[in-house]
There are 2 protein chains.
Amino acid sequence: MGSRGQPEESRAAILQAAAKEFAELGIAGARTDAIAREARVNKALLYYYFKDKETLYGAVLDHAFSGMKAKVFRVLDSDLPPREKIMAYAGEYFDFIASNQIYPKLMQREMMRAREGNSVHIDRLIKTYFQPIYRRVGALLREGIAEGEFRKVDPAHFVPSMISMIVFYFSSAPVMQRIVRFNPLSPRRIAQRRAAVLDFISAALFQPRAGTAMAVRKSGVRT
Amino acid sequence: MGSRGQPEESRAAILQAAAKEFAELGIAGARTDAIAREARVNKALLYYYFKDKETLYGAVLDHAFSGMKAKVFRVLDSDLPPREKIMAYAGEYFDFIASNQIYPKLMQREMMRAREGNSVHIDRLIKTYFQPIYRRVGALLREGIAEGEFRKVDPAHFVPSMISMIVFYFSSAPVMQRIVRFNPLSPRRIAQRRAAVLDFISAALFQPRAGTAMAVRKSGVRT
DNA sequence: CATGACTAATTAACCAGTTAGTTAGATTAT
DNA sequence: ATAATCTAACTAACTGGTTAATTAGTCATG
C-alpha cells in the first residue's frame with residue numbers, strides 16, 4: 001500500500017496486463033477492470049498513469065512495435081549481402097514474434113482498425129515503424145534484384161507476403177490446433193515453421209543458380 | 001409499415017448490415033443500434049429474427065463461411081490434375097475474398113478470438129468449414145507429392161501459408177495504402193496481387209521440371 | 001381474427017472515468 | 001533528533017452515459 005511498490009513496476013505491470021487484454025479482446029472488448037485486476041492494481045491507477053483507455057492502448061502499441069523495430073533494424077543495418085540479409089531479416093522478425101506472441105494479434109487488430117478515422121494511432125505507427133521498415137526492406141529487395149540475386153518481384157507484394165506468413169501462423173494457431181492433432185506452438189513446430197517460412201521465401205525470391213545451398217539459420221526460440 | 005417489406009428482405013438487410021459492422025468493429029465494438037440504422041429497420045427487429053447479438057454474429061459468420069466453402073468445393077470436387085487444381089483452388093479463394101472483402105476481417109477476428117471459451121462459434125466453424133476444407137486441400141497436396149508433381153511440403157504449414165498471403169493482403173490494405181502511394185485495392189493492383197500469389201505458390205510448391213509454363217488462370221497479369 | 005412483421009418506448013446492466021480521499025516516505029524547520 | 005509539512009503513489013466507492021435487450025403493443029393481410 002501507500003507510496004511504495006516502485007512506480008516503474010506498477011506502470012510496467014499495467015502495460016503488460018493491458019497488452020494481454022487488448023491483444024485478446026481488442027480495444028472495444030478489453031475491460032479496464034480486468035486490466036487492473038490482472039496487473040494487481042487499483043483501476044484508478046490506470047488513469048493516474050495514462051489519460052484514458054485509448055492512450056493506454058496507444059502506449060501498448062508503441063511498446064510492442066518499438067521493440068520489434070529495434071530488433072529488426074539491427075539486422076537491416078548490418079552489412080550482410082542481400083541474400084543473407086533478407087533471410088536474417090525474416091528470421092529475426094520470426095523470432096521476435098515467436099517470443100512475443102501478443103504482437104501479431106495487436107498488429108492485425110490495428111490493421112483492421114485502420115479505416116479513416118477509426119484509429120488515432122495508425123498514422124503515428126505507420127510513420128514511426130511500418131514506413132521505415134518497409135522502405136528499408138524494399139530497398140534491400142531492389143538491391144538484390146539489381147545485383148541479379150533475386151527474381152524481379154514487386155516489393156509492394158513481396159513484403160506483405162513475407163509478413164503475412166509469419167504473423168498469420170501465430171494468430172491462427174489457436175484455430176490450427178483444433179484442426180490438426182498437434183500443437184502448432186510447441187518449440188518443435190515453431191522451429192519447423194521457421195524453416196518452412198524461410199524455405200518458402202528463398203524458393204520464391206532467389207534467382208536459381210548452380211549449387212543453391214539454402215541457408216536456413218537455426219532458431220533460438222522459446223515459446 | 002406493419003407486416004410488409006418481405007421478411008426475407010429485412011432479414012437479409014440485417015445480416016448484411018451486421019456483417020459490415022462486425023467486420024469493421026468486431027463483436028465488442030459493433031453497436032446494435034448502428035446495425036439497425038444501416039439496415040433501415042427497428043432495432044427490436046434484430047431480436048425478432050435473432051436471439052441476441054452473439055447469435056446474430058454467429059449467423060453472419062455462417063453466411064460468410066458457407067459462401068466461401070461452396071465456391072471452393074466446386075473446384076476441389078472437380079477432376080483437375082493436382083497442379084491445376086491447387087492453382088484453381090487458390091485462385092477461387094482469392095476471387096471470393098476479393099469480391100467479399102469483409103470475409104478476411106471476419107475470419108481474422110474470429111481466429112484471434114479462438115482462445116478456449118472466448119468464442120461460442122469457433123468449434124462449429126472449424127467442424128463445418130475449416131476442417132473439411134483443410135482435409136481436402138491437405139489430401140490434394142499429399143496426392144501431388146505422391147505423384148512427384150509437388151515438392152515435399154508439410155500441408156500443416158503450406159495451407160496456412162497460402163491462406164495468409166491471400167487473407168492478409170486484403171485486411172492490411174488500409175495500412176498498405178498509407179505506406180505506398182497507390183491504392184492496393186484498385187482492380188489493377190488486385191489482379192497483380194492475384195498473379196503474385198499464384199506465382200509465389202507455384203514457385204514454392206511445384207517440383208521444377210523442364211518447360212515449366214506457369215499457369216496463371218484468367219486475369220492474365222504480369223508482375 | 002389470427003398470425004407474422006414490425007416498432008416506440010422503456011429497462012437493467014455495464015463499464016469508462018472520477019472523486020475524495022489514505023499511506024509511506026522524503027524534505028524541511030526547529 | 002524530531003516534529004511538521006509535502007508529495008508521489010495508491011485506493012474504495014461512486015457516477016453517469018452508453019448499450020443490449022425487453023415489453024407491450026400496432027399494422028397489414030390471407
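In the text below, chain A, chain B and the rest are named by the order of the sequence lines, each starting its count at 1.
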Q | Length of the CG-P vector between A:Asp33 and D:dA13, whole Å | A | 14 Å
Q. How about B:Glu110 and B:Ser119: does a side-chain donor come under 3.5 Å of a side-chain acceptor?
A. yes
Q | Within residues 123-132 of chain A or reaching into it, pairs that qualify as salt bridge (Lys or Arg N to Asp or Glu O under 4.0 Å) - sequence neighbours excluded | A | A:Asp62-A:Arg124, A:Asp123-B:Arg178
Q | Below 4.0 Å: OP1/OP2 of C:dC15 and any side-chain N or O of A:Thr32 | A | no
Q | Pair B:Arg11 + B:Glu8: basic N to acidic O under 4.0 Å | A | no
Q: Taking only the side-chain heavy atoms of B:Leu45 (C-beta and beyond), determine which of D:dC10, D:dA12, C:dC6 contains the nearest atom.
A: C:dC6
Q) A:Leu46 has an atom CG; how far is it from atom C1' of C:dT19, in whole Å? A) 16 Å
(Q) Is it the case that the ring center of B:Phe73 lies less than 6.0 angstrom away from the ring center of B:Tyr129? (A) no
Q: Using the closest heavy atom to pick a nucleotide of DNA chain C for each, name whichever of A:Gly29 or B:Arg40 lands nearer the 5' end.
A: B:Arg40
Q.
Using a distance-only criterion (donor-acceptor N/O pair, under 3.5 Å, no hydrogens), is the base of D:dA12 paired with the side chain of A:Asn42?
A. yes
**Q.** Check: B:Gln16/B:His63 side-chain N/O donor and acceptor closer than 3.5 Å
**A.** no
(Q) Regarding A:Ala30, tell me which of base, sugar-phosphate or nothing describes its non-hydrogen contacts under 4.0 Å with the strands shown. (A) sugar-phosphate
Q. How long is the line joining CZ of B:Phe50 and P of D:dT22, in whole Å?
A. 15 Å
Q: Report the nucleotide, chosen from C:dA16, D:dA20, D:dT11, that has the shortest atom-to-atom distance to any side-chain atom of A:Ala44.
A: D:dT11
Q.
Expressed as a whole number of angstroms, how long is the span from B:Glu54:CD to D:dA20:C1'?
A. 12 Å
Q: Between D:dA9, D:dA21, C:dG17, spot the one nearest the side chain of A:Pro7, thanks.
A: D:dA9
Q. Does A:Tyr47 make a side-chain N or O approach to OP1 or OP2 of C:dG17 shorter than 4.0 Å?
A. yes
(Q) Closest approach to the side chain of A:Tyr49, judged atom by atom: which nucleotide of C:dA16, C:dC6, D:dA9 is it? (A) D:dA9
Q. Under 6.0 Å between the ring centres of A:Phe158 and B:Phe200?
A. yes
Report, one line per pair, each donor and acceptor closer than 3.5 Å where one atom sits in a side chain of residues 27-34 of chain B; sequence neighbours left out.
residue, atom, partner, partner atom, Å
B:Arg31, NH1, B:Ala28, O, 3.2

So which protein nitrogen or oxygen atoms get under 3.5 Å of nucleotides 14-18 of chain D's nitrogens or oxygens?
none

(Q) Tell me the interatomic distance from A:Tyr48, atom OH, to D:dA8, atom P, rounded to whole angstroms. (A) 6 Å
Q: For A:Leu25 and C:dA16, give me the distance from atom CG to atom P, rounded to whole Å.
A: 11 Å
Q | Whole-Å distance separating the CZ atom of B:Arg11 from the C1' atom of C:dG4 | A | 15 Å
Q: Starting from P on C:dG4, measure out to CD on B:Glu8 and report it in whole angstrom.
A: 14 Å
